Amino acid sequence: MTHSDAQGFNTRAIHAGQTPDPTTGAVIPPLYQTTTFAQDGIGKLRNGYEYGRGTNPTRDSLQTQLAALEGGKHAFSFSSGLAAEDALIRAALRPGDHIVLGNDAYGGTYRLIDRVLSEWGITNSAVDMADLDAVSAAIANGNTKMVWVETPSNPMMKITDIAAIAQLAHDAGALLVVDNTFASPYLQQPLTFGADVVVHSTTKYIGGHSDASGGAVVVDDDGLAEKVGFIQFAVGAVSAPMEAWLTTRGLKTLGVRMDRHSSNATAIAQWLLEQDEVEHVYYPGLADHPGHDLAASQMKSFGGMISVTFKGGAEAAKKVAEATSVFTLAESLGGIESLMNYPSDMTHASVKGTELAVPENLIRLSVGIEDVEDLLADLEQALTALRS
Ligand SMILES: *Cc1c(COP(=O)(O)O)cnc(C)c1O
């Protein structure tokens with residue numbers, strides 16, 4: 001019924017923050033779909049609950065669960081991943097501060113930092129995170145207060161050495177933030193490798209069912225947590241009760257889902273390797289992936305995301321993307337259903353023509369948890385369309 005940090009991941013996923021309702025014994029904590037709470041006298045709050053933007057028991061339940069799974073002391077839940085990132089950056093940085101981020105960071109993250117926060121005096125450098133000398137050089141200008149890592153990255157599936165970057169960031173007095181959306185806390189826990197902050201788009205694997213948008217910030221440091229909590233309350237991009245409740249429900253099955261995502265993706269990546277039409281398969285589980293050993297050392301398994309390029313160029317990639325029927329052509333990732341994305345014109349359209357642009361012959365697969373035979377048959381018939 002309650003949890004302890006000594007328990008295994010799945011036990012914590014199911015029990016952290018999930019104490020049965022004290023009034024009725026309901027095994028599943030209720031959805032507190034309310035904006036305000038009755039007071040027993042002026043300022044006499046019941047268990048601290050006052051107003052929904054500040055606190056809500058359903059959001060608290062999710063936050064406790066998230067903190068327990070990332071191994072952090074504090075977690076904050078937001079209405080989207082980008083809302084979480086914005087709150088974190090405004091809590092931690094001030095005008096004149098500099099962020100170093102990967103040159104293949106999530107396009108929306110880059111847009112937030114480069115086009116929105118730049119107007120408030122936050123500067124940035126986008127570098128190849130696999131090149132530690134380049135990271136050091138970018139940090140060296142003196143004002144770097146935050147280093148931002150995504151591993152695996154989207155959509156090129158590059159792997160970054162979290163512990164090595166943590167060292168570089170800390171030597172310069174900067175925070176290391178890891179966007180752990182692609183791996184999820186089941187596969188990788190960045191705080192254990194020295195990261196200071198983990199951010200998530202819980203819209204993806206954590207929610208896992210493509211039915212609830214959300215984001216999270218997880219931190220250990222009490223001072224930083226207080227600042228993030230203040231921005232969450234004062235700016236108000238909190239997750240709504242229904243979204244928090246759905247996310248909590250999804251998160252309970254994260255472990256079993258990720259095991260299946262990983263095994264299905266491994267089988268599909270190996271199958272893709274053997275196809276004549278395929279130019280390259282980007283999946284950290286493949287032995288020839290440049291980050292394979294590093295991924296094996298910091299991840300439990302290799303996850304459900306694969307990118308693949310085609311010898312037939314953009315035309316072939318688009319044709320495959322439009323020819324599947326079990327894989328749905330859609331943005332986003334991390335749900336139980338398999339999705340197919342053409343990043344150049346879809347998720348990464350905002351970085352087209354910049355240094356963050358994605359190859360035009362690339363498609364990205366979010367491999368779901370359907371029966372792998374059906375996924376392979378679907379891809380097979382889509383590749384057949386290229387041969388005709
Ligand atoms: C989707 C995503 C985000 C942004 O999250 P939203 O919930 O869409 O705001 C950030 N980082 C990564 C890696 C993502 O995939």
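For ligands, and for the atoms within them, numbers begin at 1 and follow the listed sequence. Just so you know, these numbers come straight off a predicted model, no measurement behind them.
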Heavy-atom nearest neighbour in the protein, as seen from atom 4 (C) of ligand 1, with distance rounded to 0.1 Å: Tyr106 CE2, 3.4 Å

For ligand 1, which atoms have a heavy atom of Ser201 less than 4.0 angstrom away? 1 (C), 2 (C), 3 (C), 4 (C), 5 (O), 6 (P), 7 (O)

Any idea which atoms of ligand 1 are less than 4.0 Å away from a heavy-atom of Thr203? 7 (O)

Run the numbers for me: atoms of ligand 1, each under 4.0 Å from some heavy atom of Glu85, listed by number. 10 (C), 11 (N)

Show me which atoms of ligand 1 lie under 4.0 Å from any heavy atom of Asp179. 10 (C), 11 (N), 12 (C), 13 (C)

Using a 3.5 Å distance criterion without hydrogens, assess whether the side chain of Gln298 forms a donor-acceptor pair with backbone atoms of Thr160. yes

Which pairs count as ring-ring contact (aromatic ring centres under 6.0 Å, His included) when at least one residue sits in residues 281-303, sequence neighbours excluded? His280-Tyr282, His292-Phe302

If you draw the axis of the six-membered ring of Tyr342, does the NZ or CZ of Lys352 fall within 45° of it and under 6.0 Å from the ring centre? no

Which of the atoms in ligand 1, numbered in the order shown and given with their element, are less than 4.0 Å from a heavy-atom of Gly214? 7 (O)

Are Glu337 and Ser210 linked by a side-chain donor-acceptor pair shorter than 3.5 Å? yes

Modelled atom types, side-chain donor and acceptor of Asp221 and His74, under 3.5 Å: no

Could you check atom 1 (C) of ligand 1 against the protein and tell me its nearest heavy-atom contact, residue, atom and distance included? Lys204 NZ, 1.4 Å

If you measure every N or O of Gly81 against every N or O of ligand 1, does any of those distances drop under 3.5 Å? yes

Compile the donor-acceptor pairs under 3.5 Å between side chains in residues 38-49 and protein atoms, sequence neighbours left out, one pair per line.
{"residue": "Gln39", "atom": "OE1", "partner": "Gly43", "partner atom": "N", "Å": "3.1"}
{"residue": "Asp40", "atom": "OD1", "partner": "Arg46", "partner atom": "NE", "Å": "3.0"}
{"residue": "Asp40", "atom": "OD1", "partner": "Arg46", "partner atom": "NH2", "Å": "2.8"}
{"residue": "Asp40", "atom": "OD2", "partner": "Arg46", "partner atom": "NE", "Å": "3.0"}
{"residue": "Tyr49", "atom": "OH", "partner": "Asp60", "partner atom": "OD2", "Å": "2.5"}

Relative to ligand 1, is Leu82 under 4.0 angstrom through side chain, backbone, both or neither, heavy atoms considered? both

Arg257 (side chain) donor-acceptor with Tyr205 (main chain) under 3.5 angstrom: yes

